[in-house]
Amino acid sequence: MNRTIMAGTDWWTDCDDVVAMRVLLWAERERLVRIAAIGLNACMLHSVASLDAFLTAEGRPGLALGLDRQAEDFGGNPPYQENMLEYPHARKSNDDAEDAVRMYRRCLAEAEDRLDIIEIGYPQVLAGLLHSSGDDLSPLTGLELVRTKVGKLWMMAGNWEDEKYGLENNFARNARSRRAGHEVCKLWPTPITFLGWEVASDILTGGTIASAEDPVFRALRDHGSPNGRSSWDPMLVLLACIGDEEEAGYRVVKGKASVDAETGANSFLADSLGKHGYVIKMKPDREYQAAIDRIMESAQR
Ligand SMILES: [Ca+2]
């Protein structure tokens with residue numbers, strides 16, 4: 001199938017983004033997807049350099065990276081990023097990445113076929129893309145580019161256990177993520193599949209990695225999770241790379257998702273014709289866990 005995808009990550013204080021990046025690179029090696037670019041939506045001192053170092057250590061140097069440089073208001077100080085700087089890396093600072101919205105516009109303008117977008121972080125780059133105007137890359141607005149060039153958006157966001165009310169970090173972290181979550185749910189013109197907090201919080205992965213020098217294991221240890229971490233981001237990435245909810249072991253509740261722009265709380269109105277959907281697991285937790293842990297081992301050095 002080899003669909004082209006762009007992926008957004010907060011690559012912030014948590015380590016499940018690191019597990020998820022290994023899943024994404026595995027999916028490319030397996031020719032499930034081709035990765036066009038990765039956008040960072042939290043901006044920390046070593047964001048670009050550490051991601052570049054990790055991708056290089058995993059055998060995929062030179063991937064296009066974009067960054068939201070305004071996203072300095074998420075706080076935190078993850079030790080895993082500084083420790084990744086031990087690996088060789090070409091991009092030394094955040095100045096070495098393109099603006100994330102511009103990079104997404106470039107990829108969409110150049111795409112011959114529709115591509116999918118994966119998001120495992122904060123939604124403000126996606127909202128910024130929707131609001132972007134025509135420029136030297138394309139006369140189309142961001143909304144028009146998404147409408148004509150994106151197949152589907154796959155997001156780890158929200159808590160959909162109670163359709164009336166959920167509160168989850170990616171939507172609710174700060175004022176910009178809340179507003180952006182509101183705008184993406186309201187304006188995004190393609191189908192969106194959400195994997196919510198409730199799906200993955202009890203499924204710990206990465207804990208079976210045997211080598212203490214493995215880059216993913218080191219990140220888990222630096223986070224204080226050497227026995228594995230909740231699988232929000234890796235489960236969403238694996239689902240998106242398989243590209244079919246049922247095949248990936250989920251059923252979908254369709255409808256319309258909303259996010260409160262002030263509180264970041266999410267809610268859902270079920271509707272079989274709706275453009276949005278959240279997934280519910282159809283298999284025992286251990287099967288999702290084993291699938292991701294097998295992928296972790298496939299890349300062990
Ligand atoms: Ca994340």
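Every value quoted in this text rests on a predicted model; they were computed, and no experiment measured them. Indexing begins at 1, ligand by ligand and atom by atom, following the structure's order. Values reported hereafter were calculated over all heavy atoms of this structure, with side chains retained and with hydrogens, waters and symmetry mates removed.
- The atom of D233 that is an N, O or S and sits closest to the Ca ion (ligand 1) is OD2.
- In this structure, CG in L51 is found 5.5 Å from CD1 in I38, a value given to the nearest 0.5 Å.
- The nearest N, O or S atom of D17 is closer to the Ca ion (ligand 1) than 3.0 Å.
- Between F54 and W11, the distance separating the two ring centers is shorter than 6.0 angstrom.
- At a cut-off of 3.5 Å, with distance as the only test, no side-chain donor of E119 or N170 sits close to an acceptor on the other residue.
- Y165 has its ring centre no less than 6.0 Å from the ring centre of F268.
- Residue side and main chain included, D14 places no N/O/S atom under 3.0 Å of the Ca ion (ligand 1).
- Not a single N/O/S atom of W12, whether from backbone or side chain, sits less than 3.0 Å from the Ca ion (ligand 1).
- Minimum-distance N/O/S atom of D10 relative to the Ca ion (ligand 1): OD1.
- Here D99 does not pair with R105 in a salt bridge; the nearest charged N to carboxylate O distance is not below 4.0 Å.
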